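Heads up: the structure comes next, in structure tokens.
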Amino acid sequence: MENFLEYNAAKIEKNWQDYWDENKSFEPSEDFTKEKRYILSMFPFPSGRLHMGHVRNYTLSDAFARYHRQQGLNVLHPIGFDSFGMPAENAAIKNGADPKKWTYENIDYMKGEFKTLGFSFSKERELATSDELYTKFEQGFIIDMYEKGLLYRKKGLLNWCPHDKTVLANEQVVDGCCWRCDTPIEKKDMNQYYFKITQYGDELLADLEKLKGGWPHQVLTMQDNWIGKSNGLEFDLFFDADSKAKLNAQFESFDVFTTRPDTIYGVSYTALAPEHDIVSYMIEQNLLDAEVVAEIKKMKATSSIDRQKEKSGVSLGINVIHPLTQKMIPVWVANFVLMDYGSGAVMAVPAHDDRDYDFAKKYDLAIHGVIKPKDGELDLENSAFTDKGILFNSGEFDGLDSKKSQYNIIKYFEENKIGRKTTNYKLKDWGVSRQRYWGAPIPFVHCEDCGLVMEKKENLPIALPADVEITGEGNPLENHPTWKYCSCPKCGRDAVRETDTMDTFVESSWYFLRFCASPKNWEKEAFSKEQVAYWMQHGVDHYIGGIEHAILHLLYARFFTKVFRDLGYLDFDEPFDKLLTQGMVLKDGAKMSKSKGNTVDPDALIQKYGADTARLFILFAAPPTQELEWNDSGVEGSYKFIKRFFDRSSNVIACESIPIIKHETLSKEEKFARKKVYEAQVRANEVYNERYTFNTMIAGVMEAMNALNAQSNSDVWSEGYWILSSIMEPVIPHTCWEISSNYFHLKNLDKQVILEEVFIEDSIILGVSVNGKNRGEIEVATDATKESIIALAKEKVAKYLEAKEIVKEIVVPKKLVNIVVKG
RNA sequence: GCCUGCGUGGUGAAAUCGGUAAACACGUUGGAUUCAAAAUCCAAUGACGAAAGUCUUGUCGGUUCGAUUCCGACCGCAGGUACCA
């Protein structure tokens with residue numbers, strides 16, 4: 001005969017998963033008068049199977065969602081798939097799979113995994129970003145952004161991955177290599193589409209202030225650095241008459257930017273990037289010696305990482321005039337000057353800048369010190385002096401400190417109209433076009449007569465053709481026999497479709513808004529202002545995902561939110577209120593990866609122990625923001641706890657409301673057990689709302705369990721389980737629903753009332769220390785006077801007080817007594 | 001180099017406001033149960049020491065009656081970023 005009380009994870013879990021499906025237990029209400037919580041985890045790429053990082057991510061969001069549902073709030077906890085992208089195409093190249101088929105089969109499999117893990121996602125709002133419906137609305141937004149001038153096309157030097165044969169955004173270049181395949185990138189001159197994210201640079205930076213408190217400090221700093229705002233002086237350097245003649249009067253001057261105007265009297269040369277217009281002109285016009293041209297070409301051909309190895313440069317044989325001293329300054333080309341920052345030209349102050357110093361030493365250029373330390377002597381023998389200090393050899397600015405002189409020098413330049421205060425950013429416009437098949441097509445048409453034309457919105461989506469040949473060479477859309485031929489939406493004549501598709505980061509920049517849309521209007525609109533206003537009030541309440549998205553995805557999503565605001569689609573500035581960045585899942589000290597062979601397969605784990613064990617271990621082993629070291633015996637321990645938790649529920653007497661207990665009639669152990677149970681609830685409330693340290697919450701439940709087990713009052717057991725199985729439901733939902741339906745008719749999975757009476761105690765234990773060193777403890781009545789406490793404490797530690805003079809007696813209420821002695 | 005974090009038992013970790021360091025687990029050891037094992041239950045477990053006791057939160061110093069917590073310097077680790085002018 002089957003034992004009713006036997007813990008059978010597989011059976012229990014299957015039962016409740018089916019129950020939740022049948023009852024649509026996790027669909028949000030459309031009653032917008034209710035208080036809401038929007039809990040979102042970063043959606044996965046459908047790579048085929050979930051890995052432990054996913055399990056951690058969704059276990060965390062599921063815990064938040066379930067807790068807030070218990071509190072009676074209207075919870076939106078959606079999931080989708082970020083399903084465009086190269087791996088689908090790579091699978092096609094490798095195995096001849098159809099990218100669409102490959103993607104949607106993976107999605108189906110992963111949905112099955114979500115079910116076996118018991119995640120409480122809304123099913124009705126599930127989406128994949130490769131769905132044509134999603135593409136349709138996205139293409140609409142792209143057209144709006146183009147019309148607003150936020151999307152533009154230009155030729156530019158781009159990061160090109162020769163392996164994947166595609167353009168990469170700066171954000172996708174990691175250490176000079178492709179973020180996906182690790183191939184060193186090359187620079188290529190191509191026509192591309194860009195989002196004008198720099199137009200929002202200042203706002204993206206300033207609004208980081210609004211995110212303080214809700215976002216990890218670390219992420220805010222990373223975004224701040226990425227935007228990289230710096231203030232300084234921009235001015236023109238004019239060529240002298242001879243140089244101008246040499247340049248056929250084609251150039252008068254060039255721009256430079258500096259954040260250290262205080263060092264300007266120390267300029268002894270200037271340097272241009274090898275790609276600078278003036279350099280290109282001189283090469284074209286044969287104004288340079290053959291060996292100089294060869295040197296410059298060599299620099300241009302060197303990758304950005306190799307350029308960092310050693311500074312090199314070459315003199316152009318032309319000069320500019322120093323704007324303040326009127327002295328002649330030689331112009332060089334230098335490999336460390338970047339064409340895409342500032343104006344691609346620098347003023348060089350070798351005395352006060354490390355790079356300029358190294359370069360000057362190598363090529364024997366003059367080094368003029370103009371700043372000296374506030375105390376001590378200026379020593380330029382072996383290195384530059386890069387700190388701020390006091391100016392000298394600086395004309396009328398002599399004797400000023402760096403800070404003051406920066407202000408004065410900029411003012412001087414502005415008054416004399418020879419320069420201006422400027423701000424520079426490291427942030428670049430976001431290049432979004434990709435020469436790839438498996439992405440959302442950019443909905444534009446090239447017409448010989450009309451130029452670049454938007455597709456009409458009623459023709460959207462511009463869907464991908466199904467019959468493509470994917471070889472890995474070039475862009476399959478470009479090579480498709482018919483797809484790209486169309487008629488111009490404006491004049492109707494023959495035209496050609498844009499064959500570039502969009503960066504997949506575009507899809508993830510607005511998916512959280514799509515989830516707000518009511519499934520009833522799913523076909524009609526991307527989302528409505530009203531729906532978004534409700535669900536996004538204060539933003540997504542809890543956004544959970546990996547720290548690896550600290551810059552790219554989070555910056556782009558913030559950018560889109562601001563753009564959508566300016567397009568009138570919504571009325572707020574920031575999408576994510578509270579961000580929780582989870583740590584990586586490690587095994588044997590290394591990130592789990594197939595190549596290292598240290599992965600743990602979630603499916604196998606669930607089969608062996610059940611989903612609840614996996615979920616409990618993940619939340620118990622470490623706080624969410626920390627790295628999680630996988631430990632098989634720790635998993636075993638979590639399983640044992642659940643089993644014990646389930647087995648001991650046999651001490652409970654079935655009831656439909658929480659038992660009423662007369663606290664004062666209880667024994668010491670019974671009182672203690674109740675106190676531990678309610679403490680666990682207090683801690684749980686803190687954890688879900690502020691601290692997110694689920695490990696300590698679970699420890700609290702374990703302590704309460706141990707305390708319950710040390711007594712035998714069945715009312716105390718029942719009350720304890722009423723509360724503990726409610727606390728644990730977000731963590732081990734299947735087990736708790738089983739217990740709850742066995743004993744409580746599912747009525748305890750609800751907001752709990754804290755009974756203060758259980759915290760009232762007759763006596764407390766105080767530590768007693770002498771000179772801060774712990775020497776014992778005393779038990780005193782809660783209302784004991786300070787004098788009586790001190791007297792008792794002195795008695796307790798009498799032997800440490802012998803022949804000593806008592807200097808001070810400190811009583812810290814409810815904590816300890818410290819007696820300070822001398823001699 | 002610069003910017004963030006982080007350093008606590010054999011292991012994962014806890015200590016929320018400066019107040020008895022190591023909660024809760026894992027592991028280990030011993031015991032009960034068992035023909036035996038698994039499972040379960042009980043007990044011990046920071047280090048040194050027979051004990052009294054001494055020491056212990058990366059190192060050194062400071063503030064304080066009292067520091068894992070605050071301040072300074074250094075060492076180590078992780079993440080981000082980088083000829084950014």
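Order of the sequence lines fixes the chain letters, A, B, ..., with proteins taken first and strands second; residue numbering starts at 1 for each chain. These numbers come from a predicted model, not from an experiment.
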A/D340 and A/K426 ion-paired at < 4.0 Å: no
Among the nucleotides B/C83, B/A85, B/U16, whichever has the atom closest to the side chain of A/E686 is B/U16
Out of B/C24, B/G19, B/C84, minimum distance to the side chain of A/I810 belongs to B/G19
Judged by whether its glycosidic angle lies within 90° of 0, B/G66 is anti
*Which value, in whole Å, describes the distance between the C1' atoms of nucleotides B/A25 and B/A13?*
8 Å
Does A/K799 have a side-chain nitrogen or oxygen under 4.0 Å from the phosphate oxygens OP1 or OP2 of B/G53? yes
- Item | Phosphate contact (B/G66 OP1 or OP2) by A/R775 side-chain N/O below 4.0 Å | no
query = Between A/E686 and A/R683, is there a salt bridge with N-O shorter than 4.0 Å?
reply = no
Closest non-hydrogen contact found for A/V682 with A/I754 is CG2-CD1, 3.9 Å
Against the side chain of A/N709, the closest entry in B/U20, B/C42, B/C83 is B/C42
Notebook entry, point to check: Expressed as a whole number of Å, how far does the P atom of B/G10 sit from that of B/C6?
Noted result: 23 Å
Ranking B/A85, B/C24, B/G19 by distance to the side chain of A/F257, first place goes to B/A85
Stems of at least 3 consecutive Watson-Crick or G-U wobble pairs (donor-acceptor distances under 3.5 Å) involving RNA chain B, listed by first number, are B:1-7 with B:75-81, B:10-12 with B:24-26, B:27-32 with B:40-45, B:46-48 with B:53-55, B:58-62 with B:70-74
With the side chain defined as heavy atoms from C-beta on, A/F336 is closest, among B/G19, B/G53, B/C83, to B/C83
Testing B/C26, B/A15, B/A13 for proximity to the side chain of A/N695, the answer is B/A13
Rounding to 0.5 Å, atoms CD (A/Q406) and CG (A/L391) come to a distance of 9.0 Å
Original post:
Would you say B/C65 has OP1 or OP2 under 4.0 Å from some side-chain N or O of A/K822?
Top reply: no
Donor-acceptor side-chain pairing of A/Y67 and A/N685 below 3.5 angstrom
yes
Of the listed B/U20, B/C65, B/U16, the closest approach to the A/N818 side chain comes from B/C65
Ranking B/G80, B/C26, B/A39 by distance to the side chain of A/K643, first place goes to B/A39
Closest non-hydrogen atoms of A/A334 and A/A271, given as atom of the first, atom of the second and distance, are CB-CB, 3.8 Å
- Task: Could you give the distance separating B/C48 and B/A43 at their P atoms, to the nearest angstrom?
- Result: 24 Å
By side chain to side chain donor-acceptor pair (under 3.5 Å), A/K229 pairs with (sequence neighbours left out) A/D202
Of the listed B/U20, B/C55, B/G53, the closest approach to the A/L816 side chain comes from B/U20
Subject >> Integer angstrom distance from the P of B/C65 to that of B/A15 >> reply: 28 Å
Taking atom C1' in both B/U8 and B/A23, what distance in whole Å separates the two? 13 Å
Salt-bridge present (A/K311, A/D356; N to O < 4.0 Å):
no
Against the side chain of A/F620, the closest entry in B/A78, B/A85, B/A25 is B/A25
- Task: Please confirm whether any donor atom in the side chain of A/E629 sits under 3.5 Å from an acceptor in the base of B/U11, or the reverse.
- Result: no
>> Taking the P atom in each of B/U45 and B/A22, what is the distance between them to the nearest angstrom?
In response: 12 Å
task: Write down the distance separating the C1' atoms in B/G9 and B/G58, rounded off to the nearest Å.
output: 15 Å
| task | Pick the C1' atom in B/G19 and in B/A52, then give their distance to the nearest Å. | result | 27 Å
